[in-house]
Amino acid sequence: MLKRSRTVPATCSETFVPRVTLKNGKSFDVPAGHTIAQALTIGGIAIGPDVLAATVNGKPADLSAQLTTDATLEPLRFDSAEGREVYRHSSTHIMAQAVKELFPTAQMTIGPALEDSFYYDFAYDRPFTPEDLDKIEERAREIANRKLPVIRRELTKQEAVELFKAREERYKVELIEGFPDGEPISVYTQGDFVDLCRGPHLPSTGHVGAFKLLTTAGAYWRGDERNPMLQRIYGTSFPTKAELDAHLARLEEIKRRDHRKVGKELDLISVQDEIGPGLVLWHPKGAAIPLLIENVWREQHLKDAYEMVYSPHIARLDLWITSAHVA
Ligand SMILES: [Zn+2]
């Protein structure tokens, strides 16, 4: 079998014709200057609103990025962790845009995607109230409805500093100043909103179907208590209202089944401040549970001809260093 192996010519990337391979093994040439979305379309993959981004040789990238190398392409949808990360990351940008439109003096800091949610930290002179959250959520929906194209640009460090200085985003300026010199810095724009970001992102704000802002919390800038306290807003987003509602119902159910809540209500366990956080006191009804489990466990081991030993719960520090439990 003939294996093609090529590298990008340094000076004529406009005329370079990348060869694309899809997951199904299909392989084809893509005209020079084509984007990932165009390459996928040539490969027979319809770029509907379900296609959020793509991986290029395993690395997530924007659908609008130009192909500059031979690549294995795979579309990213909401059904993959990487696809959901792009979705939540764009959602947090939309939320930040909503905050900036409603509270122009709020300073943006960082806003990452989490597993099932996202957050953004703002420097603002007071905590956001539940009424603020309702307004921000409403505005985020409106921004999604505007279907703003999300555009990536690469700037020099100096240009990026100037851009965010002009926008009076001093935390962004501080972040950029900490980046190595000489490396391009990417920013993403949607409408009037610009954020410093590695990406990738959804092609448009219109890809986010349903938003819910969940809660607020205080967080220190760069996680350091000597730094100013920031206002963090957590939210989540899903392609449809039905999926969002199912997720919120699941969160409620988790809360309802929280062992700390159920344990207290059923008089199984308690945690008392005088003893310490996370140190559980088992009440008679609760103590019956580990007792039953231990009895079954012991019986099974004895039945299988195991012998019992007991060892102390504490030991010399050296032992834990040897076992790597203590660094
Ligand atoms: Zn970002």
Side-chain angles (χ1 to χ4, degrees), residues 34-43 45-56 60-66 73-104 108 111-120 133-154 167 186-214 233-248:
H34 268 40
T35 63
I36 291 169
Q38 287 170 317
L40 288 170
T41 307
I42 292 170
I45 293 170
I47 306 295
D50 60 319
V51 181
L52 310 175
T55 56
V56 180
D62 295 313
L63 288 175
S64 59
Q66 264 188 27
L73 294 188
E74 205 180 321
L76 285 177
R77 299 184 174 87
F78 197 78
D79 61 3
S80 72
E82 284 166 314
R84 285 192 295 275
E85 191 178 343
V86 173
Y87 197 88
R88 290 331 180 343
H89 197 153
S90 288
S91 303
T92 202
H93 277 213
I94 294 171
M95 176 174 76
Q97 181 173 5
V99 169
K100 289 295 293 183
E101 286 183 6
L102 293 165
F103 308 94
M108 302 197 294
L114 304 172
E115 203 180 319
D116 283 322
S117 59
F118 55 81
Y119 72 79
Y120 213 111
L133 284 203
D134 287 345
K135 278 189 217 151
I136 297 164
E137 192 179 294
E138 189 50 47
R139 183 61 68 101
R141 281 192 204 108
E142 201 187 304
I143 294 167
N145 286 337
R146 288 181 210 160
K147 298 186 174 25
L148 300 169
V150 179
I151 298 156
R152 178 192 174 95
R153 271 190 302 153
E154 283 192 356
R167 298 178 72 88
S186 57
V187 298
Y188 280 79
T189 303
Q190 56 202 41
D192 297 332
F193 176 85
V194 187
D195 203 352
L196 166 71
C197 194
R198 222 177 284 144
H201 278 283
L202 302 174
S204 141
T205 60
H207 279 60
V208 179
F211 272 100
K212 181 75 195 166
L213 300 192
L214 301 168
I233 304 177
Y234 285 100
T236 192
S237 57
F238 284 84
T240 63
K241 172 103 175 30
E243 285 164 286
L244 173 67
D245 288 346
H247 178 73
L248 296 177

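With T92 contributing its side chain and F118 its backbone, the two residues share no donor-acceptor pair below 3.5 Å. Under a 3.5 Å cut-off, the side chain of S186 and the backbone N or O of C197 do form a donor-acceptor pair. Checking side-chain atoms of R152 against main-chain N and O of R198 turns up a donor-acceptor pair under 3.5 Å. Under the 3.5 Å distance criterion, the side-chain polar atoms of D62 are matched with a main-chain donor or acceptor of H201.
The distance from the CG atom of D79 to the CG atom of D50 is 9.0 Å, given to the nearest 0.5 Å. Rounding to the nearest 0.5 Å gives a distance of 14.0 Å between CG of L214 and OH of Y119. Taking CG of L196 as the reference point, atom CZ of R167 lies at 12.0 Å (rounded to 0.5 Å). Put simply, CG on L40 and CD1 on I47 are 4.5 Å apart, with the number rounded to the nearest 0.5 Å. Atom OG of residue S91 and atom CZ of residue F238 lie 10.0 Å apart, to the nearest 0.5 angstrom.
K212 approaches L244 most closely through the heavy-atom pair CB-CD1, 3.8 Å. Of all non-hydrogen atoms in R139 and E101, the two that sit nearest each other are NH1-OE1, 2.8 Å. Between T55 and E82, the shortest heavy-atom distance links the atoms CG2-OE1, 4.0 Å. Here the closest heavy-atom approach between residue A61 and residue I36 is recorded as CB-CD1, 3.8 Å. When every heavy atom of L202 is checked against every heavy atom of H207, the shortest pair comes out as CD1-CB, 3.7 Å. Smallest separation of non-hydrogen atoms from A96 and M108: CB-SD, 4.0 Å.
A salt bridge between E243 and R84 is absent, with no side-chain N of the basic residue lying under 4.0 Å from a carboxylate O of the acidic one. Salt bridge absent: K135 and E138 never bring a charged side-chain N and a carboxylate O closer than 4.0 Å.
Considering only heavy atoms from C-beta on, R88 stays 4.5 Å or farther from S117 through its side chain. In this structure, the side chains of T35 and L63 stay at 4.5 Å or more apart for every pair of heavy atoms. For the pair S90/Y188, no side-chain contact is recorded, criterion being any heavy-atom separation below 4.5 Å from C-beta on. For the pair V150 and T189, the minimum side-chain heavy-atom distance is 4.5 Å or more. By the 4.5 Å heavy-atom criterion applied to side chains, L148 and Q97 are counted as neighbours.
When each of F211, F103, Y120 is tested with I136 by the rule side-chain contact (heavy atoms from CB on, under 4.5 Å), just one qualifies, namely F103.
Heavy atoms of other residues, nucleotides or ligands lying less than 6.0 angstrom from CD of Q190 number more than 12. Residue R146 qualifies as enclosed at atom CZ: its count of foreign heavy atoms under 6.0 Å is above 12.
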Go through the steps to decide whether Y234 and L114 satisfy the test side-chain contact (heavy atoms from CB on, under 4.5 Å), and finish with yes or no. CA-CA 10 Å; Y234 285 100; L114 304 172; 3.8 Å; yes
